[in-house]
Amino acid sequence: MCWAAFGAAGAEVDALALSANIQARHMPFGTVLDPFYASAESDQITGYSRCGDSALWTGHYLAAESYRYRVTGAPDALANARRALDGLKGLVDVTGTNLLARCRVAIGSPFAAGILREEAANGVYTNTAAGFSWIGNTSRDQYCGVVYGLGVAFELIPDATMRAVVHDVLTRMVTFLSENNWSAPMPDGRAGTSFLLRPDEQLAILQVARRVNPERFGAMYESQRARLAGSVAAPVAFDSLSTSSYFKFNLIYITFFHLIRLEEPESRGTYERAYAIARNYTSGHQNAFFNMIDRALFGPDARRDAETLAMLDLWLRRPRRDLFVDLRGKVPVRGDQACQPIPVDQRTPTDFLWQRSPFQLFGGGTGTIGNAGVDYLLPYWMARYYGLVGDFQVQPAAAGGPAVAPDSIVSLYGPDLTGQTALNGIGLRIVDSNGGEWPAPVIYASPLQINAIVPAGVAPGRAVFRVIGDGRVLRSATVAVEPVAPAMFTMNGRLAAATAVRVSNGVQSAVRVFACVSTGCVPTPIELASESPVYLTLYGTGFRGRKTATATAGGRTVPVLYAGVQPGFPGLDQVNIELPIALRGAGEVEIVFAADETRANSVWISVR
């Protein structure tokens, strides 16, 4: 067993350090800002920058900590998510009209003058009663980033208090926009941003709003979908004509993440086709965040996922300050851009790497602005949640597979699963897609493998498996849970773990299917005769919830006499079939079983 693809531990140390640094240095007023330092070598903070995009990146940071909490259950992840959510609530509270502010700054802060001077062009407003100045001219990207984060938090953190805050903030924001004809006017009458030319973003905001508050926004979304869905592709197609203003692609990806994921299957096609326009244009741009959204929407892809892992590793080699980068004369160019995407570790510094063109040749400053690292945290924790990176692998105990089923036997494989905890003190808890938490009975534990039973009540969807020892989470990984995930046991990866009986004149007698010696197990040829039929029982797991069952033997369809619970062992299932006389003399015979059209791994027997 190789665990190279599951190397989460080292990367997690870096992710946790970034989170701690954000909390300590990047949230002076409750939302994400980037500090100015006295010099490139100094750690003394002398001011703050990038206030104008604070709402956007706080939304992304909220999403990152929400993924982290769902994967690890860490109390500080929950605390960090709460703080980010409270900051976003503050951006809506401070304006007094339910308009979203770009950022807010405490009146009297020693950093206030510099921030307000930098953001003067966007308009500075003051809420003396609240004790804050705030920045206006709120753009569409600020709204999209906040809605993205609120939607992720609502899905992944089953905390009633937090969900109530999401409900309140999102309801107020969307009501304000809809009552102002999908624009965001400033309190002094200055015109604000408008969503009228972006039906994709308008529908995505309403999509999340109806998920959070269906009574208020369900009918509104359905009405706007009927009117606008057919036009979502047009602005995406226009944006995909060039790489200029590259941040537009970040908005497209976070927009379609919710728009597609929360849509009813029968209506999803229109959105998927629009998304495909941008995806086809950007898929070669080496963008870890875009790749993770694509995996979230459409599942694993070996090439894309390997690229994502490589880019996350390269991100960790990037400097954390805005040191100037100039690649002119060092890479092939076409006009003022690189011909190929620049490697992640060599790209110019920025606030969120994945919203900047990978073809940009130069940029940066003097090394005095510290980058928050949300551009690592978000794709990393998404990779953990969506099973690309994990502390261990989860699969059906019978055979490898991409999903497991409720009331089935599973195996966890990984290095040092149990840490310093005694094996008899190891536990397993599963957090399902609804946020329900289930203790899973452990039937075997070793430092490299744990076998357990998935409780029958675990909901389908992506679930987090947490290994518990000494009252804390030791390791975690995620896997898809499907209603059925058939897998058949084998003796050596190929030979069926099966029993058989022959019926002759109404009398049953056992038939040997295999024999095991010190060097391994080999098939025992089964004699077939028309006057004494042979019935084969195969053992597996993950298909007791099936609605349909089919089987073939040697390429011939055979009736499935029974497929369901094997009552002698928890989680064990069995399949009974009759071997047709037509197989006589066939030699090695492949048996293929499928439950609800999901095929299990093939197993083999020998027939003479």
Checklist entry - Are R140 and E201 ion-paired here, with the side-chain N under 4.0 Å from a carboxylate O? => result yes
Checklist entry - Say you draw a straight line from CG of L85 to OG1 of T31; how long is it, rounded to the nearest 0.5 Å? => result 12.5 Å
Checklist entry - If you look at every heavy atom in F176 and S183, which pair is closest and at what distance? => result CE2-O, 4.2 Å
Next on the checklist: Is the shortest side-chain heavy-atom distance between P358 and Q286 below 4.5 Å?
Outcome noted: no
Checklist entry - Between atom CG of D34 and atom CZ of R321, what is the distance when rounded to the nearest 0.5 Å? => result 11.0 Å
Item to check | Closest approach of W134 to G136 (non-hydrogen atoms, all atoms of both residues) | outcome: CZ3-CA, 3.8 Å
Checklist entry - What heavy-atom pair brings G363 and T348 nearest, and what distance separates the two atoms? => result N-CG2, 3.4 Å
Next on the checklist: Between H60 and N250, is there a side-chain heavy-atom distance shorter than 4.5 Å?
Outcome noted: yes
Checklist entry - Is a side-chain donor or acceptor of R356 paired with a backbone partner of R347 at a separation under 3.5 angstrom? => result no
Checklist outcome for this item: Per side chain to side chain donor-acceptor pair (under 3.5 Å), R475 is matched among D416, T72, D391 by D416
Checklist entry - Counting N and O atoms only, with roles assigned by atom type, does the side chain of T95 sit under 3.5 Å from a partner on the main chain of V92, one being a donor and the other an acceptor? => result yes
Checklist entry - Does a side-chain heavy-atom distance below 4.5 Å link S433 with V481? => result no
Checklist entry - Taking all atoms of both residues into account, what is the closest heavy-atom pair of I107 and S133, and its distance? => result CG1-N, 3.8 Å
Checklist entry - Taking all atoms of both residues into account, what is the closest heavy-atom pair of A338 and V331, and its distance? => result CB-CG2, 4.1 Å
Checklist entry - To the nearest 0.5 Å, how far apart are CG in L116 and SG in C103? => result 8.0 Å
Item to check | Where R70 and L156 come nearest, the two heavy atoms and their spacing | outcome: NH1-O, 2.9 Å
Item to check | Approximate separation, where rounding is to 0.5 Å, of S66 OG and Y385 OH | outcome: 11.0 Å
Checklist entry - Are any side-chain N or O atoms of N21 and backbone N or O atoms of A17, one a donor and one an acceptor, separated by less than 3.5 Å? => result no
Checklist entry - Under 6.0 Å from the CZ atom of F362, do we count more than 12 heavy atoms belonging to anything else shown? => result no
Next on the checklist: Show, in sequence, the C-alpha distance, side-chain angles and deciding distance for D188 and Y125, and conclude whether the side chain to side chain donor-acceptor pair (under 3.5 Å) test is met.
Outcome noted: CA-CA 9 Å; D188 58 6; Y125 302 84; 3.1 Å; yes
Checklist entry - Do F36 and F111 have side chains that get closer than 4.5 Å, going by heavy atoms? => result no
Item to check | Heavy-atom side-chain contact between L378 and Y148 under 4.5 Å | outcome: yes
Checklist entry - Taking NZ, NE, NH1 and NH2 as the nitrogens, is one of them in E12 or R384 under 4.0 Å from a carboxylate oxygen of the other? => result yes
Checklist entry - Is a side-chain N or O of R102 found less than 3.5 angstrom from the main chain of E119, in a donor-acceptor match? => result no
Checklist entry - Is the closest side-chain heavy-atom distance between V344 and W354 below 4.5 Å? => result yes
Next on the checklist: Within 45 degrees of the ring normal and closer than 6.0 Å to the centroid, is that where the cationic atom of R211 sits relative to F154?
Outcome noted: no
Checklist entry - With sequence neighbours excluded, what pairs up with Y281 under the ring-ring contact (aromatic ring centres under 6.0 Å, His included) test? => result F249, H285
Next on the checklist: Side chains of L417 and L474, heavy atoms from C-beta outward: is any pair under 4.5 Å?
Outcome noted: no
Item to check | Pair Y253-D294, side chain to side chain donor-acceptor pair (under 3.5 Å): steps then yes or no | outcome: CA-CA 8 Å; Y253 275 86; D294 196 65; 6.0 Å; no
Checklist entry - Should the pair R25-D43 be classified as a salt bridge under the 4.0 Å nitrogen-to-oxygen rule? => result no
Next on the checklist: With no hydrogens and no angle check, just 3.5 Å: does a side-chain donor-acceptor pair link D200 and Y271?
Outcome noted: no
Next on the checklist: Please check: side-chain N/O of T368 versus main-chain N/O of A40, any donor-acceptor pairing under 3.5 Å?
Outcome noted: no
Item to check | Check: T193/Y143 side-chain N/O donor and acceptor closer than 3.5 Å | outcome: no
Next on the checklist: For Y221 and E263, which I'm curious about, is there any donor-acceptor pair between the side chains at under 3.5 Å?
Outcome noted: yes
Item to check | Inter-residue atom distance D141.CG - D53.CG, 0.5 Å rounding | outcome: 6.0 Å
Item to check | CG on L251 to CG on D239, rounded to 0.5 Å | outcome: 8.5 Å
Next on the checklist: Hydrogens and angles aside, do N80 and E65 bring a side-chain donor and acceptor to less than 3.5 Å of each other?
Outcome noted: yes
Checklist entry - Mind checking what makes salt bridge (charged side-chain N to carboxylate O under 4.0 Å, His left out) contact with K89, not counting sequence neighbours? => result D93
Next on the checklist: For F289 together with F352, are the ring centres under 6.0 Å from each other?
Outcome noted: yes
Item to check | Cation-aromatic face contact R104/F132, 6.0 Å, 45 degrees | outcome: yes
Item to check | Q207 side chain vs L259 backbone, donor-acceptor pair below 3.5 Å | outcome: yes
